[in-house]
Peer 1: 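Can you read through this structure? Questions will come right after.
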Amino acid sequence: MNITLLFIIVSILVIFVIVYRSGIGEETYKFISVNTKKLYSKVAPYTYKEIKKKIKDLGQDYTTTQYIGQVILFAAAGGVVSYLYFYNIIVSIIYGVVAVSVVPYVNYLRCKRLYSEFVFEQIQVYTTNVIMEFATTQSFVKALEGVYSSGVLEDPVKADVKVMIDMAYENGTINQSLEYMNEKYDYYMVRNMHQLFLQITNEGSKDSSESLENMSLDIDMLVEAVYRDRIDRAAFYKKFLIFGLVLYLMIGIIQVMLGDTYHQMLNLWYVNVLLHGIVLLNSYFLLNGTKFYNENVGVE
């Protein structure tokens, strides 16, 4: 009877994890995707080598001590959690090693998020300053030159602005320059600003000050929404991780209910399969949630 009870409880726990993560968890995460919709657009892909170099230049890369601490934390978490499930040193070591192998991937996701946030901030600087320069020069190319020489931009955006300037002089028109920047940085504020400048240039608007002011206000509202969303995402992600860790520890409730019977049940292969399933399933959803938080900042 105790064996059957344990099997039923563990099976229910597996179902609970699946239902929560795929159902309620998905609905909870929905507010993030709604808030991020139309706030970000995907940045053109860069190699991880370039991303890593920029993160180091920004001083946001982990130090050796931090990397070691992260490795120890993941190894300890994998070992302790698995031991609480199986009470087997060998199994705990295996889980600890597997947990450590995830560290580079998690750091990769973190670097991509930081790089994406950096590029977005640079795009904000680019659009805002080009509008201000254009209000003075009434020339899009001159505005680009003013922003480029002002030193407010950093690579890769600064290098791409230089490409825009060169293309404008080479082609005698700004059309190709705008298309180039729109493809490299597919943000709404970039496309909208470029479309405004294209209309002003082609239609020869005499008074564009009101349109430029409205565009600046739109950018300010967009940026405010983005930063607010960034705070909300970070807060929710912390709760997401805490709940994931709590799910791991639910096995303690089962052990309290069954007492010594639990240790006897560990000799049954199907009980072990179910327990491994719980650990791996919850680990998968935690990793998938981490991927969502760090990688999909530009999700549509």
Side-chain angles (χ1 to χ4, degrees), residues 1-26 48 52 61-113 237-295:
M1 185 66 180
N2 287 333
I3 297 177
T4 304
L5 178 61
L6 177 61
F7 186 80
I8 293 174
I9 292 175
V10 174
S11 299
I12 292 175
L13 183 56
V14 172
I15 295 173
F16 173 75
V17 172
I18 295 175
V19 171
Y20 180 84
R21 294 300 195 179
S22 62
I24 301 175
E26 181 179 350
Y48 179 62
K52 188 71 172 178
D61 192 22
Y62 281 149
T63 63
T64 302
T65 302
Q66 288 174 316
Y67 274 119
I68 294 175
Q70 195 172 35
V71 168
I72 294 175
L73 176 63
F74 272 65
V80 170
V81 168
S82 59
Y83 188 78
L84 290 176
Y85 275 72
F86 306 102
Y87 293 94
N88 188 308
I89 295 297
I90 296 177
V91 173
S92 296
I93 293 174
I94 294 175
Y95 269 103
V97 172
V98 172
V100 170
S101 68
V102 176
V103 171
Y105 178 66
V106 173
N107 286 327
Y108 162 73
L109 293 176
R110 174 182 174 273
C111 287
K112 287 191 67 176
R113 174 177 58 82
Y237 180 62
K238 290 180 180 178
K239 296 178 181 178
F240 177 82
L241 290 180
I242 292 173
F243 187 81
L245 295 175
V246 170
L247 285 182
Y248 279 130
L249 300 178
M250 285 183 67
I251 194 66
I253 299 176
I254 297 177
Q255 295 185 33
V256 171
M257 294 173 59
L258 298 177
D260 293 337
T261 306
Y262 177 83
H263 296 275
Q264 299 174 15
M265 300 305 99
L266 290 177
N267 296 321
L268 301 174
W269 68 268
Y270 53 86
V271 171
N272 278 270
V273 170
L274 281 173
L275 292 175
H276 281 294
I278 292 174
V279 175
L280 295 177
L281 186 64
N282 198 43
S283 299
Y284 166 77
F285 282 116
L286 278 175
L287 193 60
N288 197 47
T290 300
K291 181 176 182 292
F292 182 94
Y293 168 66
N294 287 285
E295 191 174 51

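Quantities reported herein were computed from a predicted structural model and do not represent experimental measurements. Basis for what follows: all heavy atoms, side chains included, without hydrogens, waters or symmetry-related copies. Throughout, residue positions are numbered sequentially from 1 according to the sequence presented.
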Peer 1: So, does Asn294 use its side chain to make a donor-acceptor pair with the main chain of Thr290 at under 3.5 Å?
Peer 2: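 Yes, because the side chain of Asn294 sits within donor-acceptor range (under 3.5 Å) of the backbone of Thr290.
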Peer 1: Could you tell me if Tyr67 and Asp61 have a donor-acceptor pair between their side chains, going purely by distance under 3.5 Å?
Peer 2: yes
Peer 1: Can you tell me how far the CG atom of Leu247 sits from the OG atom of Ser283, to the nearest 0.5 Å?
Peer 2: 11.0 Å
Peer 1: One pair to check against side chain to side chain contact (heavy atoms under 4.5 Å, CB included): Tyr108 and Lys52. What are the steps and the verdict?
Peer 2: CA-CA 8 Å; Tyr108 162 73; Lys52 188 71 172 178; over 6 Å; no
Peer 1: Check whether any side-chain heavy atom of Ile68 lies under 4.5 Å from a side-chain heavy atom of Thr65, and answer yes or no.
Peer 2: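 Ile68 does not reach Thr65 side chain to side chain.
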Peer 1: Would you indicate whether the side-chain heavy atoms of Leu275 and Leu266 approach each other to under 4.5 Å?
Peer 2: yes
Peer 1: To check you understand the geometry: which heavy-atom pair defines the closest contact between Ser92 and Gly79, and what is its length?
Peer 2: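 Closest approach of Ser92 to Gly79: OG-O, 3.4 Å.
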Peer 1: Determine whether Val91 and His276 make a side-chain contact, defined as any pair of heavy atoms from C-beta on separated by less than 4.5 Å.
Peer 2: yes
Peer 1: Kindly check if the number of other-residue, nucleotide or ligand heavy atoms within 6.0 Å of OH (Tyr105) is above 12?
Peer 2: yes
Peer 1: With a 4.5 Å limit on heavy-atom distance, are the side chains of Gln70 and Asn107 in contact?
Peer 2: yes
Peer 1: Could you walk me through whether Leu245 and Ile242 pass the side chain to side chain contact (heavy atoms under 4.5 Å, CB included) test, one step at a time?
Peer 2: CA-CA 5 Å; Leu245 295 175; Ile242 292 173; 5.6 Å; no
Peer 1: Looking at Gly244, is its backbone amide N or carbonyl O close enough to the side chain of Asn282 to form a donor-acceptor pair, meaning the two atoms are under 3.5 Å apart?
Peer 2: yes
Peer 1: Apply side chain to side chain contact (heavy atoms under 4.5 Å, CB included) to Tyr284 and Leu280, showing your working.
Peer 2: CA-CA 6 Å; Tyr284 166 77; Leu280 295 177; over 6 Å; no
Peer 1: Heavy atoms, side chains only, cut-off 4.5 Å: are Tyr87 and Gln255 in contact?
Peer 2: yes
Peer 1: I need the Leu268 CG to Met265 CE distance, nearest 0.5 Å.
Peer 2: 5.5 Å
Peer 1: Quick check: are there more than 12 heavy atoms from other residues, nucleotides or ligands sitting under 6.0 Å from CG of Leu249?
Peer 2: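 Yes - once you tally the heavy atoms of other residues, nucleotides and ligands closer than 6.0 Å, there are more than 12.
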Peer 1: Do Phe86 and Tyr95 come close enough that some side-chain heavy atom pair is under 4.5 Å?
Peer 2: yes
Peer 1: Provide the closest heavy-atom pair for Ser101 versus Pro104 in the form atom of the first, atom of the second, distance.
Peer 2: O-CD, 3.4 Å
Peer 1: Going by heavy atoms in the side chains, are Val106 and Leu287 under 4.5 Å from each other?
Peer 2: yes
Peer 1: Would you say Tyr262's side chain and Tyr85's backbone share a donor-acceptor pair under 3.5 angstrom?
Peer 2: yes
Peer 1: Looking at Leu286 and Tyr248, what are the two nearest heavy atoms and their distance?
Peer 2: CD1-CE1, 3.4 Å
Peer 1: Look up atom CD1 in Ile89 and atom OG in Ser82, then write down how far apart they are to the nearest 0.5 Å.
Peer 2: 9.0 Å
